Amino acid sequence: MPFEVAVLAPREHTLDELRALAETMTPPMLVRDTVREGAVTVTELDETPLATFGRPRRVETTVDLVRSYGPEAELAGGEGFLTEAVVPFEHRRGMALVFALEHFVDGSAIVRGLDR
């Protein structure tokens, strides 16, 4: 069962910023942009999947977020950006990248399937 993650942040991140974060990991991770689906895949150098990220999207109101993710989905001022991701259960390195992104965008991660 994979982890479902939502990173809520006051600012949007770019593909280049996510790639730079992945390259700082030891060993570095590969980040690939998918053409048709608008997702970003992150793998080990040997192609082992670590995470799949959706594109950041603007959130104008938290009503639907709270309905989907619970009260921790509140954003300051009711707006910001949401990035959803799926991480295979057995890959802690994928979660490490999620938490690095959370810190980088000064956001908060909501993780289903993990108590931290």
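Sequence positions, counted from 1, serve as the residue numbers for this chain. None of these values were measured; they are calculated from a predicted model.
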Does R92 have more than 12 heavy atoms from other residues, nucleotides or ligands lying within 6.0 Å of its CZ? no

To the closest 0.5 Å, what do you measure between [atom1] ([X]) and [atom2] ([Y])?
X    : Y    : atom1 : atom2 : answer
E44  : M25  : CD    : CE    : 10.5 Å
L101 : E17  : CG    : CD    : 9.0 Å
R93  : T43  : CZ    : OG1   : 10.0 Å
L21  : H103 : CG    : NE2   : 9.5 Å

Does the side chain of [Y] come within less than 4.5 Å of [X]'s, by heavy atoms?
X   : Y   : answer
M29 : L50 : yes
E4  : E84 : no
F81 : V59 : no
P2  : V86 : yes

Between R19 (side chain) and V31 (backbone), is there a donor-acceptor pair under 3.5 Å?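 Yes: the side chain of R19 pairs with the backbone of V31.
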
Between R57 and E12, does at least one N-O distance fall below 4.0 Å, as a salt bridge requires? no

Residue pairs passing the side chain to side chain donor-acceptor pair (under 3.5 Å) test with at least one member in residues 45-55, sequence neighbours excluded, are R32-E47, D33-R55, D46-T48

How close do [X] and [Y] get, heavy atom to heavy atom, and via which atoms?
X    : Y    : value
A109 : E102 : N-OE2, 2.8 Å
T83  : G54  : CG2-O, 3.5 Å
P88  : A51  : CD-N, 4.2 Å
T34  : A39  : OG1-O, 2.7 Å
P10  : V105 : CD-O, 3.5 Å
E23  : P28  : O-CB, 3.7 Å

Tell me whether L18 shares a hydrophobic cluster with F99, the cluster being built from Ile, Leu, Val, Met, Phe, Trp, Tyr side chains joined at under 4.5 Å. yes

Tell me whether V87 is reachable from F89 by hopping between hydrophobic residues (I, L, V, M, F, W, Y) whose side-chain heavy atoms are closer than 4.5 Å. yes

Contacts of F104 that satisfy ring pair (Phe, Tyr, Trp, His ring centres under 6.0 Å) - sequence neighbours left out: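 Expected list: none.
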
Tell me, with the steps shown, if V42 and L30 meet side chain to side chain contact (heavy atoms under 4.5 Å, CB included). CA-CA 6 Å; V42 180; L30 296 174; over 6 Å; no

Quick check on side-chain contact (heavy atoms from CB on, under 4.5 Å): which of L8, V5, L65, V7 does I110 satisfy it with?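 For I110, the side-chain contact (heavy atoms from CB on, under 4.5 Å) test succeeds with only one of L8, V5, L65, V7, which is L8.
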
